[in-house]
Amino acid sequence: MELIVTEKDNAARRIADILSDGSAGTDRRNGVNVYRWDGGGTVCVGLSGHVVGVDFPPEYDDWRDVQPVELLEADIEKRATQENIVRTLQSLAREADRAVIATDYDREGELIGKEAYELIEEAAAIPIERVRFSSITEREVTEAFANPDELDFDLAAAGEARQIIDLLWGAALTRFLSLSAGQLGEDFISVGRVQSPTLKLIVDREREIQAFDPDDYWELFTTLRADGVDFEGQYFYEDEGTENERVWNEADADDAHARLTSADRATVTGVRRRTRSDDPPAPFNTTQFISAASSLGYGAGRAMSIAEELYTAGYITYPRTDNTVYPEDLNPEALLATLADTGAFGEDAASLLDDGEVEPTRGDTETTDHPPIHPTGEVPGRADLGDDEWAVYELVVRRFLATCAEPAEWEYLRVTAEANDCQLKANGKRLLDPGYLAVYPYVSSDETLVPDVDEGSELALADTRLEAKQTQPPRRRGQSRLIEELEARGVGTKSTRHNTIEKLYDRGYIENDPPRPTRLAMAVVEAAEAFAEQVVDEEMTRQLEQDMTAIADGEATLDDVTDESRAMLGRVFDELHDSREAVGEQLREALKDDKRLGPCPECGETLIVRRSRRGSYFVGCEGFPECENTYQLPSNGEPTVMTDSCEEHGLRHVKMLAGRSTFVHGCPVCKAEAAAAHEDEVIGDCPGCGEAHGGDLAVKQLQSGSRLVGCTRYPDCDYSLPLPRRGDIEVLEERCPEHDLPDLVVHDGDDDPWELGCPICNYEEFQERRATRDLDDLDGVGEKTAAKLAEADIESLSDLEAADPEGVADRVSGVSADRVRDWQDQVEGAS
DNA sequence: GCAAGGTC
């Protein structure tokens with residue numbers, strides 16, 4: 001029997017399909033898909049990326065028992081991280097008489113291949129070959145299998161060196177900083193070769209913003225008119241041969257303003273017209289896809305998770321790729337013809353075919369990993385996808401269409417004029433031929449109208465505006481700009497950059513969007529700059545890339561490179577040794593800063609977020625025990641202190657992080673004052689007390705900001721029904737015939753009022769809805785996944801909540817236990 | 001409970 005091993009299940013299925021000519025059957029072993037054909041003579045199994053990982057021996061597990069520097073001398077072991085897959089691979093290997101490694105054609109793929117190689121070798125003494133192909137098409141795959149090669153152990157060793165260096169630096173320095181600051185729980189302080197330079201990029205920009213000193217300047221605009229058309233003219237002047245719009249001196253600006261205001265005509269001094277072509281974009285790699293999706297309002301992580309779903313469903317190609325050149329195998333005419341038969345893109349695709357020969361654009365990067373992201377021949381209908389999935393799918397299709405289209409042609413018209421010794425200019429643009437813009441509406445095709453005028457003609461001039469402005473600090477980069485920057489600097493990979501940014505959010509290093517660094521992040525970067533400069537410097541990645549190339553080329557060994565790296569890290573620890581106290585103090589102070597709100601209204605000391613002995617959060621005064629002032633916080637979520645603050649109390653707002661149900665609590669003093677001013681309004685009898693006690697139900701507002709309908713005998717009776725956190729609650733005259741309670745209405749800003757109705761009926765409905773809400777409300781569950789889950793009797797969110805993750809993973813192909821746990825977290829977050 | 005890299 002021949003055993004074929006691929007990097008992922010999806011690739012295994014497609015390769016089995018090609019090599020078996022569609023005859024392969026599927027069975028499952030330990031919850032892993034195995035594809036079999038040739039009467040069982042050939043089997044194909046997919047890994048899930050790395051199925052083994054590097055780590056220190058267990059005796060190094062306790063952070064307090066081990067000096068971080070001791071990790072430098074520790075052995076590094078490989079251990080199975082995906083035991084089901086390892087077991088399946090090894091049992092198949094024992095049945096096989098030869099094996100073929102068909103993992104992805106890149107460095108990490110070679111290492112994953114070597115991991116499979118060693119696992120097979122451990123189980124059976126059989127020959128093992130390697131095949132390489134850069135896209136899973138019939139021609140490439142059959143050709144690769146007809147000419148098998150050997151595994152490239154040097155290339156795999158380059159990847160292993162990276163693993164070892166990343167683990168050593170990351171673990172040792174993370175432990176050192178965490179220990180020095182006394183942060184040992186889940187709030188440890190992490191650093192790493194990729195995350196720390198990424199964080200420094202954000203911190204450096206913040207430093208520029210903080211150091212920025214704005215300058216005043218003025219700009220002047222006026223309305224010009226010719227042939228009954230109004231257009232905008234902007235004042236400019238020439239200084240040493242360059243054209244300037246900004247006037248840096250107020251007296252000069254006032255002078256120009258006076259001269260333009262006193263003029264009512266301008267004479268055209270120049271007309272320049274030129275046409276320029278605007279080339280269609282290159283095919284999508286991961287970074288450009290994330291960037292385009294961001295202009296549709298999707299964050300990097302969300303865009304990638306939708307793309308993965310579309311890929312798993314078979315609608316688009318693999319979404320993690322650096323390649324921006326379509327492979328030879330891709331026949332754009334054939335794909336356009338397929339799309340031309342569909343409703344949504346039919347006309348656009350057909351129009352491109354009508355234009356004659358199709359020559360797709362090429363980007364700068366041609367790699368062997370995967371083709372650029374493009375639609376496959378399987379086209380979903382609009383009803384097969386949710387709104388977000390469709391929007392992203394349409395983006396991928398339209399990008400493909402755009403790459404097959406002609407350039408757009410623009411005409412630019414520049415008119416200059418003179419009025420009372422002042423020069424004015426107007427720039428117009430007109431779309432002569434839309435070209436690719438006709439199929440790619442994500443790029444603006446807005447025109448600016450400037451009428452056709454002749455040199456020497458007269459324009460009417462009116463409405464001169466003098467605008468006082470200030471130079472602006474550099475902007476914070478948004479997630480997609482950061483990812484583009486990381487790619488340009490060679491930091492991280494196509495598969496990890498978006499995760500790195502999410503990790504920075506999770507670790508409390510950045511907040512908001514565009515991300516800004518916390519005080520902790522500033523302190524971590526400062527500490528690293530002072531003592532372990534390499535770990536925040538992207539130069540470390542560049543050096544590592546060079547070293548890996550040397551290993552891959554046989555010019556250095558894994559030991560040469562890792563020994564040198566160990567020595568360098570050893571020198572970092574020599575420096576750090578004496579500074580442990582100072583570093584710890586700096587980090588602890590920054591951590592506190594991130595929790596400080598502002599002055600205590602009682603004593604003038606500082607209010608800070610604290611945690612009670614029972615684990616709940618509250619706001620207390622740093623003047624404790626002299627000042628015992630405290631404020632409650634909501635019970636759900638982790639509090640973080642935001643940068644914007646309450647004008648009345650000068651206190652920073654508090655946000656409660658609770659996954660999808662994250663919300664802004666605001667100023668705790670305002671909330672406490674509102675609760676104190678609120679009078680409980682009795683609306684009926686309490687059904688919880690029974691007749692004996694005769695408690696009443698009232699609309700209550702708590703200090704924590706929560707609102708509820710609860711019993712007036714609280715805490716003796718704790719009957720309560722939840723109410724929304726936002727908006728004004730109005731109690732109506734109408735009463736519920738069943739519960740004898742009044743209907744409630746919530747007024748929230750400009751939106752239509754929200755009719756809650758009777759609070760008991762409303763609560764019952766809410767629970768009902770929650771129990772039956774559709775599964776595909778969840779991130780990462782499309783219709784196909786929902787259908788597969790239904791076969792395992794999981795049809796609602798409450799079914800999912802009650803399910804055993806391991807059991808689901810065993811029964812449903814393509815769904816892991818971790819994935820199920822993610823979904824369960826989402827359900828919990830939403831309730 | 002550390003990293004980064006695969007994958008889901």
Side-chain angles (χ1 to χ4, degrees), chain A residues 6-12 31-33 46-56 58 60-64 66 68 71 74 76 81-82 85 103-104 106-116 156 158-179 183-198 301 304-305 307-309 311-313 318-320 369-370 491-497 499-500 503 507 535 540-541 544 548 565 569 779-782 785 788 805 808-809 812-823:
Chain A
T6 68
E7 187 153 326
K8 42 192 169 276
D9 174 58
N10 219 302
V32 179
N33 286 337
L47 307 172
S48 182
H50 291 287
V51 294
V52 298
V54 291
D55 208 348
F56 301 108
Y60 290 86
D61 277 356
D62 193 323
W63 293 25
R64 282 159 303 191
V66 180
L71 293 175
I76 291 180
T81 50
Q82 305 260 21
I85 296 175
T103 46
D104 291 354
D106 56 17
R107 184 173 59 222
E108 217 61 35
E110 209 67 19
L111 175 53
I112 291 165
K114 189 194 165 195
E115 289 160 9
E160 288 178 302
R162 178 201 60 69
Q163 287 184 316
I164 291 168
I165 289 170
D166 283 341
L167 176 64
L168 279 173
W169 283 74
L173 289 171
T174 293
R175 286 192 189 187
F176 180 88
L177 291 183
S178 303
L179 283 164
Q183 292 289 110
L184 284 188
E186 53 196 37
D187 294 323
F188 60 88
I189 296 174
S190 73
V191 285
R193 175 181 56 85
V194 170
Q195 60 165 294
S196 299
T198 304
M304 285 308 288
S305 98
E308 274 158 26
E309 205 183 307
Y311 156 71
T312 313
Y318 192 62
R320 291 184 272 262
D369 57 353
H370 295 279
V491 175
T493 74
K494 64 212 177 205
S495 316
T496 59
R497 290 184 193 109
N499 296 336
T500 301
K503 183 185 282 184
R507 297 281 154 86
V535 82
M540 183 163 170
T541 290
L544 182 62
M548 284 195 289
S565 186
L569 183 55
D779 271 355
V781 184
T785 313
K788 281 199 280 184
V808 175
V812 184
S813 70
V815 171
S816 69
D818 277 345
R819 192 100 194 233
V820 175
R821 280 188 278 267
D822 274 354
W823 292 330

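Hydrogens, waters and symmetry mates are skipped; everything else that's a heavy atom, side chains included, is used. Order of the sequence lines sets the chain letters (A, B, ...), proteins ahead of strands, with each chain counted from 1.
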Asks: From CD1 of I85(A) over to P of dT7(B), roughly how many Å is that when rounded to an integer?
Replies: 12 Å
Asks: What residues, two or more places apart in sequence or in another chain, satisfy salt bridge (charged side-chain N to carboxylate O under 4.0 Å, His left out) together with K114(A)?
Replies: E118(A), E160(A)
Asks: W169(A) stacking on dA3(B): centroids under 5.5 Å, ring planes under 30°?
Replies: no
Asks: Expressed as a whole number of angstroms, how long is the span from R193(A):CZ to dA3(B):P?
Replies: 13 Å
Asks: Between dG6(B), dC2(B), dG5(B), which nucleotide gets closest to the side-chain atoms of S495(A)?
Replies: dG6(B)
Asks: Starting at CG of D369(A) and ending at C1' of dG6(B), how long is that distance when rounded to a whole Å?
Replies: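 Rounded to whole Å, this separation is 13 Å.
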Asks: Want to settle it: does N10(A) or G170(A) sit nearer the 5' end of DNA chain B, counting the closest nucleotide to each?
Replies: G170(A)
Asks: Go through the structure and list residues passing salt bridge (charged side-chain N to carboxylate O under 4.0 Å, His left out) with D166(A), not counting sequence neighbours.
Replies: R162(A), R193(A)
Asks: Please report, rounded to the nearest Å, how far the P atom of dG6(B) is from the OH atom of Y318(A).
Replies: 8 Å
Asks: Less than 3.5 Å apart, any donor N or O on the side chain of Q195(A) or S190(A) sitting next to an acceptor on the other?
Replies: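 Side-chain D/A pair, Q195(A) to S190(A): present.
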Asks: Which whole-number value in Å describes the distance from L179(A) CG to dG1(B) C1'?
Replies: 11 Å
Asks: Round to a whole Å and report the spacing from CD1 of I165(A) to C1' of dC2(B).
Replies: 17 Å
Asks: Once you round it to whole Å, what is the distance between P of dA3(B) and CD1 of I189(A)?
Replies: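 Spelled out: CD1 on I189(A) to P on dA3(B) is 12 Å.
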Asks: Please determine, for the side chain of T496(A), which listed nucleotide (dA4(B), dC2(B), dG5(B)) has the closest atom?
Replies: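 Closest nucleotide among those given: dG5(B).
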Asks: Within the pair Q195(A) and dA3(B), is there a side-chain N or O less than 4.0 Å away from OP1 or OP2?
Replies: yes
Asks: Could you tell me whether the side chains of W169(A) and T174(A) share a donor-acceptor contact shorter than 3.5 Å?
Replies: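 Not at all, the side chains of W169(A) and T174(A) share no donor-acceptor pair under 3.5 Å.
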Asks: Is any side-chain nitrogen or oxygen of R107(A) closer than 4.0 Å to OP1 or OP2 of dA4(B)?
Replies: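 Looking at the OP1 and OP2 atoms of dA4(B), neither is under 4.0 Å from any side-chain N or O of R107(A).
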